[in-house]
There are 2 protein chains.
Amino acid sequence: MTAPGKPSTAEELRGVGLRVTAARVALLDTVREGDHLGVEAIAAGVRDRVGHISLQAVYEALHALTAAGLLRRIEPPGSPARFEGRVGDNHHHLVCRSCGTVADVDCAVGHAPCLTASDNRGFSVDEAEVIYWGLCPACSSTPDDRL
Amino acid sequence: MTAPGKPSTAEELRGVGLRVTAARVALLDTVREGDHLGVEAIAAGVRDRVGHISLQAVYEALHALTAAGLLRRIEPPGSPARFEGRVGDNHHHLVCRSCGTVADVDCAVGHAPCLTASDNRGFSVDEAEVIYWGLCPACSSTPDDRL
DNA sequence: CACAGACTTGGATCCATTCCATTTCTTGAA
DNA sequence: TTCAAGAAATGGAATGGATCCAAGTCTGTG
């Protein structure tokens, strides 16, 4: 089974080996419907759906879902962590210096300097900050992950 | 006066309208010699030079120097803020997921997808995170900066 | 059904950062 | 050189996001 079309939230959870609980389903839905929500906002959204959830449970679930690859965590310098449901595609973010609003942008692959977003969504961009994540030479030659 | 060649640290401070104090000179030198240092490391470096400085003074001075454009603050998600002396040029960073080491990279302007750094310095990059800073449509049409 | 895993409650704790009131110091002018 | 204005530095307290802990309850899942 598992119609290839569009798996339900529950099926997605199961698909990555996580238990399906009301809280997690509500959390996943909340994050996907929301727009780069912070932890508090997510907790509020989940409470709207299932009545109650503790902040700790929210943190726990966010970790689990992020680790499972169902959510992505972004942390614009200067503001608390935010989460989004868009994963898998390589997209970046526009952050407003004034109000902190976050918007998605596709990666400008293939053309232009990386300073230019493929679509600036109406933002007036004054800086592009790029962080390349990976392993430094020393760490990539080390067998295990030492932290 | 002010030989165009290479202004002293003190002259640079004066040049941006800041007072010249031993602490600031030492701090600026420390950051420039160091490699993406954190606040604690900077404080330690300054203490090596001038004997003593409070953490608060370090924060205050870092703010002042950053605002003045003499330093740049970078904040890789998951680690405390770091400061560097390279300003003015548009360069980005390589961050090691394992040890947190930060290295500079020039912007890959003009060629390649932004996923590819101009020189990866030996890092094995698995992700490029781009944050475009600017003002969202709403904020850019607003006369004053409301936060 | 039984159990591992998830959730709750209620702490405590950690860390980076900021705020406060007070004192000290740099600086430019007298 | 002396002085006053105002910026900078100080110690101490406080804030806020995030994490962790332990004990007990609940609940998916095999």
Side-chain angles (χ1 to χ4, degrees), chain A residues 1-2 8-28 30 36-47 49-68 70-71 73-83 100 147, chain B residues 8-28 30 36-44 46-47 49-68 70-71 73-83 100 102 147:
Chain A
M1 317 314 132
T2 310
S8 69
T9 305
E11 286 167 341
E12 287 184 87
L13 285 168
R14 232 174 256 118
V16 295
L18 289 174
R19 286 200 185 173
V20 180
T21 69
R24 287 178 174 183
V25 172
L27 189 147
L28 198 43
T30 298
H36 308 98
L37 301 177
V39 174
E40 282 294 351
I42 293 171
V46 173
R47 288 190 191 110
R49 291 160 196 262
V50 297
H52 175 269
I53 193 175
S54 65
L55 241 200
Q56 289 77 350
V58 172
Y59 274 107
E60 207 280 328
L62 286 172
H63 274 173
L65 296 181
T66 302
L70 292 179
L71 293 180
R73 174 194 177 118
I74 60 175
E75 189 178 331
S79 76
R82 289 155 180 276
F83 293 82
L147 185 44
Chain B
S8 70
T9 305
E11 286 168 340
E12 286 184 86
L13 286 169
R14 229 174 258 119
V16 295
L18 289 174
R19 290 195 181 178
V20 179
T21 69
R24 288 181 170 184
V25 172
L27 188 148
L28 197 44
T30 298
H36 307 100
L37 301 177
V39 174
E40 283 293 349
I42 294 171
V46 173
R47 288 189 190 110
R49 292 160 195 261
V50 298
H52 177 269
I53 193 176
S54 68
L55 243 199
Q56 290 76 355
V58 171
Y59 274 106
E60 207 281 329
L62 285 172
H63 273 175
L65 295 181
T66 302
L70 293 179
L71 294 180
R73 172 194 178 119
I74 60 175
E75 190 176 333
S79 77
R82 290 155 180 274
F83 293 82
V102 179
L147 183 43

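Excluded from the calculations below are hydrogen atoms, water molecules and symmetry mates; all remaining heavy atoms, backbone and side chain alike, are included.
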Rounded distance (Å) that lies between atom C1' of D:dC21 and atom CD of A:E60: 14 Å

B:L13 CG to D:dA8 P, straight-line distance once rounded to whole Å: 10 Å

A:Y59 OH to C:dT8 P, straight-line distance once rounded to whole Å: 15 Å

Close side-chain approach of A:I74 and A:H36, heavy atoms under 4.5 Å: yes

Atom pair CG (B:L62) and CG (B:L28), whose distance is rounded to the nearest 0.5 Å: 10.0 Å

Under 3.5 Å donor-acceptor pair, A:R24 side-chain atoms to C:dA6 base atoms: no

Between CZ on residue A:R82 and CD1 on residue A:I42, distance to nearest 0.5 Å: 10.0 Å

B:R19 CZ to C:dT26 P, straight-line distance once rounded to whole Å: 10 Å

Between C:dG11 (P) and A:L55 (CG): distance, integer Å: 15 Å

Min side-chain heavy-atom separation B:E12-B:L18 under 4.5 Å: no

Touch class at under 4.0 angstrom, heavy-atom based, for A:A64 against every strand present: nothing

Residue met sooner reading DNA chain C from 5', once A:T21 and B:L18 are mapped to nucleotides: A:T21

Touch class at under 4.0 angstrom, heavy-atom based, for A:S54 against every strand present: base

Rounded distance (nearest 0.5 Å) linking atom CZ of B:R47 with atom CG of B:L27: 11.0 Å

Rounded distance in Å - NE2 (A:H63) to P (C:dA6): 14 Å

Below 4.0 Å: OP1/OP2 of C:dT9 and any side-chain N or O of A:H52: yes

B:L13 side chain reached by B:L65 side chain, heavy atoms, under 4.5 Å: yes

Interatomic distance, A:E11 CD vs D:dG28 C1' [rounded to whole Å]: 16 Å

SB check A:R24 A:E60 (cutoff 4.0 Å): yes

Five-pair end axes of the helix from C:dC1-D:dG30 to C:dA30-D:dT1 and the angle they enclose, rounded to 10°: 40°

Nearest-Å distance for atom pair CD/C1', residues A:Q56 and D:dT19: 9 Å

D:dG28 OP1/OP2 closer than 4.0 Å to side-chain N/O of A:R14: no

Shortest non-hydrogen contact from A:A26 toward A:V50: CB-CG1, 3.8 Å

Atom pair OG1/CD1 of B:T30 and B:I53 - distance to nearest 0.5 Å: 9.0 Å

DNA chain C-proximal residues of residues 73-81 of chain A, any heavy atom under 4.0 Å: none

Atom pair OG (A:S8) and CZ (A:R14), whose distance is rounded to the nearest 0.5 Å: 7.0 Å

Sugar-phosphate only, base, or nothing, as touched by A:A61 at under 4.0 Å among non-hydrogen atoms: nothing

